[in-house]
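Computed over heavy atoms, backbone and side chain alike; hydrogens, waters and symmetry mates excluded. Worth saying up front: this structure is predicted, and the values here are computed from it rather than measured.
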Amino acid sequence: MSNGPPPRYKLSLLGNFALSGPDGSVDLSSKKLVGLLAYLALTGPAPQSRDKLVDLFWGSHFEVQARQNLRQALFRLRRVLGQDAIISDADEISLAPGVVECDATQLEALAQEGSRPSLAKAVDLYKGRFLADVAIPEEAWADWVAGEQQRLEGLALDALIRFGEIELAAGHAGKALEMAYRALAINNLREDAHRMMIQALAAAGRRAEALKHYQDLVALLARELNAEPDAATKSLVAELRSAQPPSRSRTVKEIAEPALPQPDRRDDGKLSMKVLIVDDHALIREALHTVLKQLKREAVIFEASNSRQAMHVVEEHPDLNLILLDINLPDRDGFSVLGELRERYATIAIIILSASDDQDKVKRAFSLGALGFIPKTTEREVMLNAIQLVLSGGIYIPSEILD
């Protein structure tokens, strides 16, 4: 860093354009003045040829008029910034060093430096796309801006992810989550940002949410790119599924761990769990009984054919481990029942049963807190595996729905 006097002006190009000086905000009356200052600031201190500047801002004009326009623009910039702010000769033009402090050039330097403090400053600088509010109807300008937007966005994303990884390694899962959210808000197809999100959720004790995020990523990549997650992401998730997480948030732990809430212990010492089946069809309830009997633990099974009976059972047995809930009940919409159960009994795992595999219903179910979605046409062995997955802390979405 220079030991000279501080820059006279601060120039913001990331997001909406802003220029401020010793007396406050400075208004440049023309978009082309804004563009000219931005271009000289971002390409400085290297001088730029007059021919290139003419082509950028007045390429559609006759040459004589275009060069006159450039001279007028330079005159107006000097009047705003100071006569010594612009260095020029017959062929080249540049911005004098120390005149402006530009957020875009700062971002580039900080990202290149790469230390934790530098990356923290870099991610705070990125407020939005480069010159998002400046439109100049010249082809050369549009091409240059598009290239710089892509380049600076990439630098910001790299800085967000690198800073998040440093924070995650330091045990700051919350900060890493924040960086992942910000990166995905800029570009939701950055798979390394999704990986960081999964790692940060798991580190924060939110393993079920991490696995759910992976399922969302699988669907996103298939829909947008007709692709699968890469090997690094698959390896991460496989490790997450096989490992026992060191800690989890209370709600997720109580839902996911089979021993939480504590299962009933029968007189003969064997463990049992409590399950409620909510469906208005007796044949479905009978079929689910058969599936549940194949679980490795003894299951105490309750039944309800409508929402009123279901709520009564839950009130009597708030230590239920699992509810299998039909989405189409005769007396009430199953989604509203799901929402009420999740709000009042956060520790009970809930799997939705449905005659339909409509994706809108699937999305709605998970947004309301379901941990699984099982079409009623599912084979019994698959249904058993789905129930076991949810009870072990995972999330079940049928592969045909993802496809």
Side-chain angles (χ1 to χ4, degrees), residues 1-48 50 52-54 56-58 68-88 92-113 117-138 141-142 144-149 151-153 155-156 159-160 163 178 182 185-186:
M1 298 298 289
S2 172
N3 294 323
R8 282 177 270 171
Y9 295 91
K10 289 190 175 182
L11 180 62
S12 297
L13 305 179
L14 300 174
N16 293 337
F17 174 87
L19 177 65
S20 61
D23 300 322
S25 178
V26 178
D27 181 29
L28 295 182
S29 57
S30 152
K31 292 291 187 185
K32 291 192 176 181
L33 276 186
V34 167
L36 180 57
L37 176 58
Y39 187 82
L40 291 175
L42 201 60
T43 58
Q48 302 301 309
R50 286 179 179 265
K52 188 171 187 178
L53 296 175
V54 164
L56 271 174
F57 298 103
W58 296 280
Q68 176 62 24
N69 289 342
L70 175 58
R71 287 193 292 270
Q72 290 178 354
L74 293 172
F75 173 79
R76 292 165 67 185
L77 273 183
R78 285 190 173 103
R79 192 167 60 185
V80 172
L81 303 176
Q83 290 300 311
D84 60 343
I86 306 292
I87 302 171
S88 64
E92 295 180 326
I93 299 166
S94 63
L95 198 61
V99 174
V100 299
E101 180 181 77
C102 176
D103 59 352
T105 56
Q106 282 184 295
L107 169 66
E108 189 170 2
L110 290 166
Q112 186 175 4
E113 201 279 326
S118 296
L119 292 172
K121 292 177 183 177
V123 300
D124 284 341
L125 283 173
Y126 194 78
K127 308 299 184 186
R129 299 198 81 188
F130 172 69
L131 289 179
D133 61 339
V134 178
I136 295 175
E138 293 289 346
W141 168 261
W144 179 76
V145 168
E148 289 304 299
Q149 286 177 337
R151 184 179 71 87
L152 291 166
E153 181 180 287
L155 286 174
L160 283 163
F163 183 56
E178 179 190 342
R182 288 181 59 184
I186 296 171

Between D133 and G15 the two heavy atoms that sit nearest each other are OD1-O, 4.0 Å

Side chain to side chain contact (heavy atoms under 4.5 Å, CB included) between W58 and K32, intermediate numbers included = CA-CA 9 Å; W58 296 280; K32 291 192 176 181; 3.4 Å; yes

Gap between atom CG of L42 and atom SG of C102 - 0.5 Å precision = 6.0 Å

Heavy-atom count around Q112 CD within 6.0 Å, excluding the residue itself: above 12?
-> no

Sub-4.5 Å side-chain heavy-atom contact between L56 and I136 = no

Between L107 and A122, what is the shortest heavy-atom contact and its length?
-> CD1-O, 3.5 Å

Shortest non-hydrogen pair, S94 vs A46, comes out as CB-O, 4.3 Å

Does the pair T105 and L11 meet the rule for a side chain to side chain contact (heavy atoms under 4.5 Å, CB included), with working shown?
-> CA-CA 10 Å; T105 56; L11 180 62; over 6 Å; no

What distance do Q149 atom CD and R129 atom CZ have between them, rounded to the nearest 0.5 Å?
-> 4.0 Å

Beyond-backbone contact of L131 with W141, side-chain heavy atoms, under 4.5 angstrom | yes

Applying ring pair (Phe, Tyr, Trp, His ring centres under 6.0 Å), name anything that partners Y126, two or more places apart in sequence or on another chain.
-> none

Short question: side chain of K31, backbone of L28 - any donor-acceptor pair under 3.5 Å?
-> no

Just how far is it from atom CG of L33 to atom CG of L74, taken to the nearest 0.5 Å?
-> 9.0 Å

Interatomic distance, CZ@R50 vs OG@S88, rounded to 0.5 Å, equals 5.0 Å

Would you check if the distance from the ring center of W144 to the ring center of Y39 is below 6.0 Å?
-> yes

Taking side chain as C-beta onward, heavy atoms only, is Y9 less than 4.5 Å from V99?
-> yes

Close side-chain approach of Q48 and I93, heavy atoms under 4.5 Å | no

Close side-chain approach of R76 and S30, heavy atoms under 4.5 Å | yes

Looking only at heavy atoms, what is the nearest atom pair of P97 and I87, with distance?
-> CD-CD1, 4.3 Å

Search all heavy atoms of A38 against all heavy atoms of L13 and return the closest pair with its distance.
-> CB-CD2, 3.7 Å

Got E101 and R8 here, is their nearest side-chain heavy-atom distance under 4.5 Å?
-> no

State, with a plain yes or no, whether a side-chain heavy atom of L19 is found less than 4.5 Å away from one of D27.
-> no

At what distance, to the nearest 0.5 angstrom, does CD1 of I86 lie from CG of L40?
-> 5.5 Å

Looking at side-chain heavy atoms only, is the closest gap between L110 and E113 below 4.5 Å?
-> no

Approximate separation, where rounding is to 0.5 Å, of T43 OG1 and L53 CG | 7.5 Å

